[in-house]
Q: 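Pasting a structure below so you can have a look.
Sequential numbering from 1 along the given sequence is applied to the chain's residues. Start at 1 and go down the list; that is how both ligands and their atoms are numbered.
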Amino acid sequence: MKTFSIAKSRRLRSTPYTSRIEKQGVTAYSTYNHMLLPAAFGSIEDSYHHLKKNVQVWDVAGERQVEITGNDSAKLVQLMTCRDLSKSKDGRCYYCPIIDDKGGLINDPVVLRLSNNRWWISIADSDVILFAKGLAIGNKFDVQILEPDVNIMAVQGPKSFKLMEKVFGEEITKLKFFGFDYFDFKGTKHLIAQSGWSKQGGYEIYVENTNSGLELYDYLFEIGKEFDIKPGCPNLIERIESALLSYGNDMDNNDNPFECGFDKFVNLDSDVVFLGKENLKKIKSEGIKRRLMGVQIDSKEINVSGSIDLKDENNIKIGELRSGCYSPHFGKVIGIAMIKKPFWEVSQTVKIEINKQTFDGKVCDLPFI
Ligand code: THG
């Protein structure tokens, strides 16, 4: 296989952690919000096993914050999401689909309510800031919108709890899932949430003070030796097994939240105002015609770039595979696919071509585990 390197530039931004992860052996990058996002440190399968047992530190600075402050900030944030935030609380995170006027997905961020007049939208890979600015201008909202210099460091894996307690004290063990608060590291306060893009548990440190954040990064590796700490990154295998969706891969602006299984984050009955509400009501009452499902394929390997057609026994296209990997847990390939009605039923058989060979598979529910 040919290997390539990535040409860095001002347009493709490095993160404060880049020089560190390069010393630590990053072997592949992806890009995320015009920033470098590590994609591998050697074998993804080895890293998957390590993540499920130990603790890793991830450079996920590419998960940029869109900060919205001002008198109309709550109104603007609500306008962008179909999730009802009227009962939201300070110090809590909310997973919120952002949708356009047609009901198409723009992004699937974590929204942090710092106060009723100050919000961070922790975005997936699309330019939410431009959408927010357009809406604010068009509505003459009294808001300020900017991308603050916040660089998230995630600490993930079952041993992250003991490690973080060692650094920040017992206080941090009281943090609930999707809660956040400020914790002291050598005199600097850091916003830390119990969250992260794996189902192995852990924290995300929203580093605002870069110098202190880098000191903390090094300190974690020093003090974490007893927990077999390693550098890592969002892990393709772990996130597919856990069905954590990836915007741009599993869904994009051509998909609506019902097709993506976000039903519990779509609140059409309250009186809050958001974009696309009428269209979502219509989509809901007419019923969707395709949806994201899992597939399991009797193959030992797959490499998805773009998407791969899924066919039925008559060679009719019934859907497309959007992400996939070999799963050590199942001993076969698993993937996330958009499947047409009525073929989305569990146990529907599918055929797929991988490396010019045809393999059999079955539709299944998400998440896999
Ligand atoms: N953390 C932060 N920002 C992010 C991500 C993150 N921005 C980009 C991307 N990831 C956004 N996508 C997701 C997808 C899933 C989750 C978080 C961000 C997630 N889901 C939980 C689940 O599915 O179990 C909880 C959802 C809930 O029930 O509220 O955590 O990872 N800062």
Q: Please identify which atoms of ligand 1 are closer than 4.0 Å to at least one heavy atom of Ala124.
A: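 Checking each atom against Ala124, I get 7 (N), 8 (C).
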Q: Classify the ring geometry of Tyr217 against Tyr17: parallel below 30°, tilted from 30° to 60°, perpendicular beyond 60°.
A: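 If you compare the ring of Tyr217 with that of Tyr17, the planes turn out parallel.
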Q: Just say parallel, tilted or perpendicular for the rings of Phe262 and Tyr95, cut-offs at 30° and 60°.
A: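 Judged by the thresholds at 30° and 60°, the geometry between Phe262 and Tyr95 is perpendicular.
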Q: Nearest to atom 18 (C) of ligand 1, what protein heavy atom do you find, and at what distance?
A: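 Here the closest protein heavy atom is Val110 CG2, 3.6 Å.
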Q: Does the N or O separation between Tyr32 and ligand 1 drop below 3.5 Å for any pair?
A: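 Among all N and O atoms of Tyr32, none is under 3.5 Å from an N or O of ligand 1.
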Q: Would you say Thr358 and Glu353 are linked by a side-chain donor-acceptor pair, where the criterion is simply a distance under 3.5 Å?
A: no
Q: Between Glu204 and ligand 1, does any nitrogen or oxygen pair lie at a separation below 3.5 Å?
A: yes
Q: So, regarding Asp108 and ligand 1 (criterion: nitrogen or oxygen to nitrogen or oxygen, under 3.5 Å), is there a contact or not?
A: yes
Q: Looking only at protein heavy atoms, which one is nearest to atom 20 (N) of ligand 1, and how far off is it?
A: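 Protein heavy atom at minimum distance: Leu244 CD2, 3.9 Å.
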Q: Counting only N and O atoms by type, is there a donor-acceptor contact under 3.5 Å from the side chain of Asn256 to the main-chain atoms of Gly104?
A: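 Looks like no, no N/O pair under 3.5 Å.
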Q: Going only through I, L, V, M, F, W and Y residues with side-chain contacts under 4.5 Å, is there a path from Ile336 to Leu236?
A: yes
Q: Distance under 4.0 Å to a non-hydrogen atom of Tyr206: what atoms of ligand 1 satisfy this?
A: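 Reading through ligand 1 atom by atom, the close ones are 32 (N).
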Q: Taking only heavy atoms of Ile123 into account, list the atoms of ligand 1 that are under 4.0 Å away from them.
A: 7 (N), 8 (C)
Q: Using a strict 4.0 Å cut-off to heavy atoms of Ile152, name the atoms of ligand 1 that fall inside it.
A: 32 (N)
Q: Does Tyr94 approach ligand 1 within less than 4.0 angstrom via side chain, backbone, both or neither, non-hydrogen atoms only?
A: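 No part of Tyr94 is near ligand 1 at this cut-off.
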Q: Please say which of Lys289, Arg290, Arg291 ends up in a side-chain hydrogen bond (donor to acceptor under 3.5 Å, both in side chains) with Glu259.
A: Arg290
Q: Can you name the nearest heavy-atom pair linking Ser88 to Tyr94, along with the distance?
A: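 That would be CA-OH, 3.2 Å.
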Q: Near Lys199, which atoms of ligand 1 are under 4.0 Å from a heavy atom of that residue?
A: 22 (C), 23 (O), 24 (O)
Q: Which heavy atom of Arg13 sits nearest a heavy atom of Arg64, and at what distance?
A: NH2-CG, 3.9 Å
